[in-house]
Amino acid sequence: QAQLVESGGGLVQPGGSLRLSCAGFGFTLEPYDMGWFRQVPGQAREAVSCMRHHDGSTYYADAVKGRFTMTRDNDTDIVYLQMNNVKFEDTAVYYCATDFESTMGTCREEVYDYWGHGTQVAVSS
């Protein structure tokens with residue numbers, strides 16, 4: 001059974017850094033657009049960052065621009081989200097997702113098809 005597995009979450013102080021990882025099991029991520037999304041309990045899931053597979057173009061939500069960086073390593077087939085200068089508002093469960101069609105090029109939840117179970121990031125002093 002194919003899976004997406006996020007890791008790297010945890011407790012971090014405001015202003016600190018954290019790197020999240022996303023790995024695929026049972027399928028490779030390289031052919032697909034990938035996205036990072038986050039969700040706070042009781043709220044809708046929101047886009048954080050998405051990357052087109054064909055050219056690596058990356059999109060960031062306004063709330064994380066200049067602080068988060070999405071990368072992917074095609075040799076290891078791991079997708080990363082580097083989170084710097086984190087804020088309390090970054091506290092959420094972070095999910096990676098795969099767009100199997102990979103043609104729309106939009107960073108919206110509805111275009112992504114397959115999701116991991118999430119990793120918790122808690123920003124607290």
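Computed from a prediction, not measured in an experiment: that's the story for all the values here. Residue numbers run from 1 in the order of the sequence given.
With sequence neighbours excluded, no residue forms a salt bridge (charged side-chain N to carboxylate O under 4.0 Å, His left out) with Glu101. Under the salt bridge (charged side-chain N to carboxylate O under 4.0 Å, His left out) criterion, Asp90 pairs with Arg38, Arg67, not counting sequence neighbours. The salt bridge (charged side-chain N to carboxylate O under 4.0 Å, His left out) test applied to Arg72 returns no partner, not counting sequence neighbours. For Glu89, the salt bridge (charged side-chain N to carboxylate O under 4.0 Å, His left out) test picks out no residue, with sequence neighbours left out. Applying the side chain to side chain donor-acceptor pair (under 3.5 Å) rule to Thr91 yields no partners; only residues at least two apart in sequence or on another chain are considered. Judged as a side chain to side chain contact (heavy atoms under 4.5 Å, CB included), and not counting sequence neighbours, the contacts of Asp62 are Lys65. With sequence neighbours left out, the side chain to side chain donor-acceptor pair (under 3.5 Å) criterion links Gln3 to no other residue.
Under the ring pair (Phe, Tyr, Trp, His ring centres under 6.0 Å) criterion, the residue pairs touching residues 103-125 are Phe27-Tyr114, Phe37-Tyr112, Phe37-Trp115, with sequence neighbours excluded. Listed by first and then second residue, the ring pair (Phe, Tyr, Trp, His ring centres under 6.0 Å) pairs that reach into residues 68-97 come to none, sequence neighbours excluded. Residue pairs meeting the disulfide (SG to SG under 2.5 Å) criterion with at least one partner in residues 41-84, sequence neighbours excluded, are Cys50-Cys107.
In this structure, Val5 belongs to a hydrophobic cluster whose other members, linked by side-chain heavy atoms under 4.5 Å apart, are Phe25.
Under the 4.5 Å side-chain criterion, counting only non-hydrogen atoms from C-beta, Gln82 is not in contact with Thr71.
Side-chain atoms of Asp73 do not come within 3.5 Å of backbone N or O of Ile78 as any donor-acceptor pair.
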Name every donor-acceptor pair, under 3.5 Å, that has one atom in a side chain of residues 9-22 and the other anywhere in the protein, sequence neighbours excluded.
from	atom 1	to	atom 2	distance (Å)
Ser17	OG	Asn84	OD1	2.9

